[in-house]
2 protein chains.
Amino acid sequence: MSTDAIARIRRFNRAVTSEVGALDESFLGRGRPLGAARVLNAIGHGYTDVAEIRDYLGLDSGLMSRLLRSLEAEGLVLTTPHPDDARRRIVSLTPTGEAEYAAYESLSDAQAETILARHPKSEALLAAMDLIATALGRDRIILETVDPNTPDALYCLDQYYAELGRRFATGYDVSLAAAPDAREMSAPLGAFILALSDDLPIGCVGLKGKGTEIAEIKRLWVAPAARGLGLARRLMQAAENAARALSITTLRLDTNSALPEALALYQSSGWVEIDRFNDDPYPDYFFEKTLNS
Amino acid sequence: MSTDAIARIRRFNRAVTSEVGALDESFLGRGRPLGAARVLNAIGHGYTDVAEIRDYLGLDSGLMSRLLRSLEAEGLVLTTPHPDDARRRIVSLTPTGEAEYAAYESLSDAQAETILARHPKSEALLAAMDLIATALGRDRIILETVDPNTPDALYCLDQYYAELGRRFATGYDVSLAAAPDAREMSAPLGAFILALSDDLPIGCVGLKGKGTEIAEIKRLWVAPAARGLGLARRLMQAAENAARALSITTLRLDTNSALPEALALYQSSGWVEIDRFNDDPYPDYFFEKTLNS
DNA sequence: CATATTATCTGACCTAAGTCAGGCAATATG
DNA sequence: CATATTGCCTGACTTAGGTCAGATAATATG
C-alpha cells in the first residue's frame with residue numbers, strides 16, 4: 001500500500017530521477033564531461049561574467065578556471081578582460097561554441113519531445129508539469145510591469161478570456177466587453193503587471209487609469225497551475241502600489257458572481273461593494289477601495 | 001515567451017532537478033558515498049541477490065563487489081552463500097544496517113514532507129505528481145489478480161464509489177447497489193484484477209462469477225492520473241482472459257450514461273446492448289459480450 | 001571425470017570532480 | 001605611494017566512480 005502523501009511524493013521522485021539521469025547521459029554523448037557541458041550551457045544561456053557562472057553552478061574558483069581552460073582549448077569559448085575592471089573576465093562563445101551549445105539545446109528539446117510523444121493526453125501532462133514546476137519554484141515567482149502588448153501579456157489575456165468563457169454560463173465574447181486600450185494600462189496612465197515563474201507567465205493584473213485620481217483594476221488572472229499560492233493577492237497588492245505611485249486614490253473594479261474566489265479575495269482585502277458604475281453586460285458585482293497614504 | 005510544450009517540459013525538468021539534487025546532498029550528509037548508500041537502500045528495499053542489485057542499479061560487477069565490501073567493513077551488511085548455488089551470494093542487513101537504512105528512509109520522508117508543507121493546496125500537487133509518475137512509468141504498469149479484500153483493492157473500490165458519487169446527479173450510495181461479495185470475485189468463481197504503477201494502485205476491474213458460463217464485469221475503475229493511457233481497455237482484456245480461463249462464455253455488465261468514456265469503450269470493443277437484466281437503481285445501460293474460443 | 005560456464009572477487013588503472021594553498025596582476029584604500 | 005583586497009589562475013592532492021583483465025570457487029555438461 002503506497003497511497004499516503006509521503007509515499008506518493010517519493011514515487012514521483014523515483015519516476016523523475018530516471019528521466020533526469022537520461023538527459024545527463026545524452027549530454028555525455030557529446031564527448032565532454034558534464035561539468036564542462038554545464039559551463040558551456042550557462043554561457044550560451046547568457047551568463048558572461050566568470051564569477052556569475054561560478055555562483056550559478058556552485059563551482060570552486062579553481063575548478064571553474066580549469067573548465068574554462070578546457071573549453072578554450074576546444075575553441076568553444078573566448079575570455080576577454082572586463083572593460084571596467086581588468087581583473088574580472090568576460091566569457092563568450094565562438095561560432096564553434098555556438099554550434100556546440102545549439103547541439104546541447106536540441107538534445108534537451110529531443111528529450112522533451114520524447115516525453116510528449118509518449119503521452120497521448122499531453123495537455124493534462126503539461127498542466128501537471130506546470131503545476132509542479134510552479135509549486136516547487138514558488139519562492140522565485142517574480143512580478144514585472146510590462147507593456148500589455150508583449151506576447152507574454154497577450155498570452156495571459158487569452159487565457160483569461162478562455163477561462164471566463166468556461167466559467168460564464170453564457171460564454172464570453174471579448175468584443176462585447178469594453179476592451180481597455182493598451183495606453184490606459186501603461187505608464188503614465190496605468191500599468192500592466194505580469195507574474196512569471198521561471199519565465200512562464202502565470203498571472204496578470206491591469207491597472208487602467210485615465211489621468212484622474214480614480215482608476216480601475218482589470219483582467220486579474222492566475223493560471224490554474226499557480227492557484228492556492230496567494231498569487232492573486234500579491235498581484236492586487238502590486239497593482240495598488242502602482243496606483244499609489246501614480247497618485248491614484250480610489251480604485252474600482254467590476255466582477256461576476258461566477259468567480260467566487262475573486263469575490264472572496266476582494267471582500268477580504270478592504271474592498272467595499274458599490275453600485276454599478278458601467279453598462280458592461282458581464283459584471284454583476286462592483287467594488288471600490290480607497291487607498292490610504 | 002516560453003509557453004510552448006517543449007519549453008514547458010524543460011521548465012519542469014529544471015524545477016525538479018534541484019529537488020532531486022537536494023536529496024542526494026542530504027544522503028551524502030551521512031558520510032558515505034552515494035554509490036554505497038544506493039546499494040544499502042536497495043538491500044533495505046528487499047533486494048537480496050548480488051546480481052539483482054547490480055542489475056537494478058546498473059553497476060559493474062567489480063564496483064558492486066567493492067561497494068559491498070565497504071558496507072561489510074562498516075558492519076552494515078552480511079553476505080552469505082545462496083543455499084541453492086554457493087557461487088551466488090545473498091546480502092542482508094545487520095541490525096546496524098537496518099538502523100542506517102531507516103535513517104536514509106527518514107531523510108527521504110523528510111524531503112517529501114518539506115515539499116508537502118510548503119504547498120497549501122497539497123491535493124492538487126499530489127494529483128499532478130501521480131499523473132506524471134504514472135505517465136513516465138506507463139510501460140511499467142502491471143496487472144495483478146488479487147483478493148478483493150486486500151487494502152489496495154479496497155482503496156480502488158473506495159475511489160470508484162467516490163467517483164460515482166461525483167458523476168451521478170443523485171450521488172451514489174453503495175448500500176443500494178447489489179454489493180458483490182468477495183467470494184464471487186475470487187477464484188474459482190471470478191477474479192479481481194488490480195493495475196499497479198510502481199506499487200500505487202491506479203485501476204481495477206472485477207469479474208463476478210457464479211460457477212455458470214455467464215459472469216459479470218463489475219467495478220471497472222481507472223485513476224484520474226492514469227486516464228488516456230488505454231488502461232481501461234487493458235483491464236477489460238485481462239478480465240476477459242480470466243473469464244476464458246474459468247470456462248466462462250458470456251459476459252454481462254451494467255453501466256450508466258453518466259459515464260460516457262465507459263460506454264464508448266464497451267461499444268468499441270465488441271459489446272452489444274441488451275435489455276435490463278437486474279433491478280439495481282443506478283444502471284441505465286446493459287451490455288453483453290460473447291467470448292470466442 | 002575433464003571441461004566449460006557462471007558468479008563473484010581482486011588488483012591495476014583511469015577520469016571527473018572537487019578542495020586547498022599560494023601566486024599574480026589589477027584595483028581600492030588610508 | 002605603500003598596503004590590502006579582489007578576481008582569477010596554477011599546482012598538488014583527494015575521493016568517487018567506473019572499466020578491464022584475470023583469479024577463484026562452485027556448478028553444469030558431454
Side-chain angles (χ1 to χ4, degrees), chain A residues 17 20-21 23-43 47-74 76-92 104, chain B residues 17 20-21 23-43 47-74 76-92 104:
Chain A
T17 37
V20 167
L23 188 57
D24 282 356
E25 282 293 305
S26 82
F27 269 30
L28 282 175
R30 297 204 65 77
R32 197 171 289 112
L34 277 179
R38 287 211 185 89
V39 172
L40 184 71
N41 279 301
I43 300 166
Y47 289 89
T48 52
D49 223 282
V50 172
E52 216 176 32
I53 301 171
R54 218 166 49 204
D55 192 54
Y56 170 60
L57 299 175
L59 296 177
D60 170 88
S61 130
L63 180 53
M64 175 75 204
S65 180
R66 247 175 284 271
L67 291 173
L68 267 183
R69 230 47 354 106
S70 83
L71 290 173
E72 245 174 4
E74 281 194 88
L76 301 176
V77 306
L78 216 75
T79 61
T80 46
H82 194 287
D84 296 348
D85 181 345
R87 288 170 304 183
R88 289 157 61 192
R89 315 196 78 184
I90 313 195
V91 198
S92 59
Y104 281 111
Chain B
T17 37
V20 168
L23 187 59
D24 283 355
E25 283 292 306
S26 82
F27 270 30
L28 282 175
R30 295 204 65 77
R32 197 170 290 111
L34 277 180
R38 286 209 186 90
V39 172
L40 184 71
N41 280 301
I43 300 167
Y47 289 89
T48 52
D49 221 282
V50 172
E52 216 177 33
I53 301 172
R54 218 167 49 204
D55 193 54
Y56 171 60
L57 299 174
L59 295 177
D60 171 87
S61 125
L63 181 52
M64 175 73 205
S65 180
R66 245 175 285 271
L67 291 173
L68 267 183
R69 227 51 352 110
S70 83
L71 290 173
E72 245 174 4
E74 281 194 88
L76 302 176
V77 306
L78 216 75
T79 61
T80 46
H82 193 286
D84 295 348
D85 180 346
R87 289 170 304 182
R88 287 157 62 193
R89 315 196 78 185
I90 35 178
V91 197
S92 59
Y104 280 112

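These values consider heavy atoms only, across backbone and side chains, with no hydrogens, waters or symmetry-generated copies. Predicted model only: the values in this text are computed from it and were never measured. Labels below follow one simple rule: chain letters A, B, ... track the order of the sequence lines, proteins then strands, and each chain is numbered from 1.
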S.K.: Classify the nucleic acid contact of B/R38 as base, sugar-phosphate or nothing, counting any heavy atom under 4.0 Å across all strands shown.
M.R.: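 Touches nothing.
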S.K.: Taking atom CG of B/L57 and atom CD of B/E52, what is their separation to the nearest 0.5 Å?
M.R.: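 Reported value, rounded in 0.5 Å steps: 11.0 Å.
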S.K.: With no hydrogens and no angle check, is any side-chain donor or acceptor of A/D55 less than 3.5 Å from a backbone partner on A/A51?
M.R.: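 Absent.
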S.K.: Can you measure B/L71 atom CG to D/dA16 atom P for me and round it to whole angstrom units?
M.R.: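 Distance check: B/L71 CG to D/dA16 P gives 13 Å.
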S.K.: Without decimals, in angstroms, what is the distance between B/F27 CZ and D/dG17 C1'?
M.R.: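 The answer, rounded to whole Å, is 18 Å.
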S.K.: Would you mind classifying the nucleic acid contact of B/R66 as base, sugar-phosphate or nothing, using non-hydrogen atoms under 4.0 angstrom?
M.R.: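 Base, at least one base heavy atom under 4.0 Å.
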S.K.: Is any side-chain N or O of A/R69 closer than 4.0 Å to OP1 or OP2 of D/dT10?
M.R.: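 Answer yes for this pair, as a side-chain N or O of A/R69 is under 4.0 Å from OP1 or OP2.
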S.K.: Calculate the interatomic distance between A/D24 atom CG and C/dA16 atom C1'; express it in whole Å.
M.R.: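 From A/D24 CG to C/dA16 C1': 13 Å.
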S.K.: Between A/D60 and A/R32, name the one whose nearest nucleotide on DNA chain C is closer to the 5' end.
M.R.: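 The answer here is A/R32.
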S.K.: Quickly work out the A/L28 CG to D/dG18 P distance and round it to whole Å.
M.R.: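 It works out to 11 Å between those atoms.
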S.K.: Pick the nucleotide of DNA chain D nearest each of B/R87 and A/D49; which residue has the one closer to the 5' end?
M.R.: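 It is A/D49 whose nearest nucleotide is closer to the 5' end.
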S.K.: Measure from the side-chain heavy atoms of B/R88 and tell me the nearest of C/dA17, D/dC8, C/dT8.
M.R.: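 So the side chain of B/R88 is nearest to C/dT8.
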S.K.: Within this structure, what is the CG-to-P distance between A/D85 and D/dC8, rounded to whole angstrom?
M.R.: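 Computing the A/D85:CG to D/dC8:P distance gives 9 Å.
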S.K.: Write down the distance between CG (A/L63) and C1' (C/dA16), rounded to a whole number of angstrom.
M.R.: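 My rounded result for the distance is 9 Å.
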S.K.: Which nucleotide wins on minimum distance to the side chain of A/L59, given the candidates C/dG18, D/dG18, D/dG17?
M.R.: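 Of C/dG18, D/dG18, D/dG17, C/dG18 is nearest to the side chain of A/L59.
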S.K.: Between B/L71 and B/R32, is any pair of side-chain heavy atoms under 4.5 Å apart?
M.R.: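 When only atoms from C-beta onward are counted, B/R32 and B/L71 do touch, with a gap below 4.5 Å.
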S.K.: Under 4.0 Å between a side-chain N/O of B/R54 and OP1 or OP2 of C/dT8, yes or no?
M.R.: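 It does, given that an N or O in the side chain of B/R54 lies less than 4.0 Å from OP1 or OP2 of C/dT8.
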S.K.: Can a side-chain donor-acceptor contact be found between B/S70 and B/R66 if the only test is distance below 3.5 angstrom?
M.R.: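 Absent: no donor and acceptor within the cut-off.
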S.K.: Whole angstrom is fine here: how far is it from CZ in A/R89 over to C1' in C/dA25?
M.R.: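 Rounded to whole Å, this separation is 11 Å.
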S.K.: Could you measure the distance from the CG atom of B/L63 to the CG atom of B/L68? Nearest 0.5 Å is fine.
M.R.: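 Result: 10.0 Å between the selected atoms.
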S.K.: Taking the minimum atom-to-atom distance to the side chain of A/A86, which one of D/dA16, C/dA17, C/dT27 wins?
M.R.: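 Looking only at heavy atoms from C-beta outward on A/A86, the closest nucleotide is C/dT27.
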S.K.: Between B/L68 and A/H82, name the one whose nearest nucleotide on DNA chain C is closer to the 5' end.
M.R.: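 Upstream on the strand: B/L68.
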S.K.: What is the separation between atom CD1 on B/I53 and atom P on C/dA7, rounded to the nearest whole Å?
M.R.: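 One finds 15 Å between P of C/dA7 and CD1 of B/I53, rounded.
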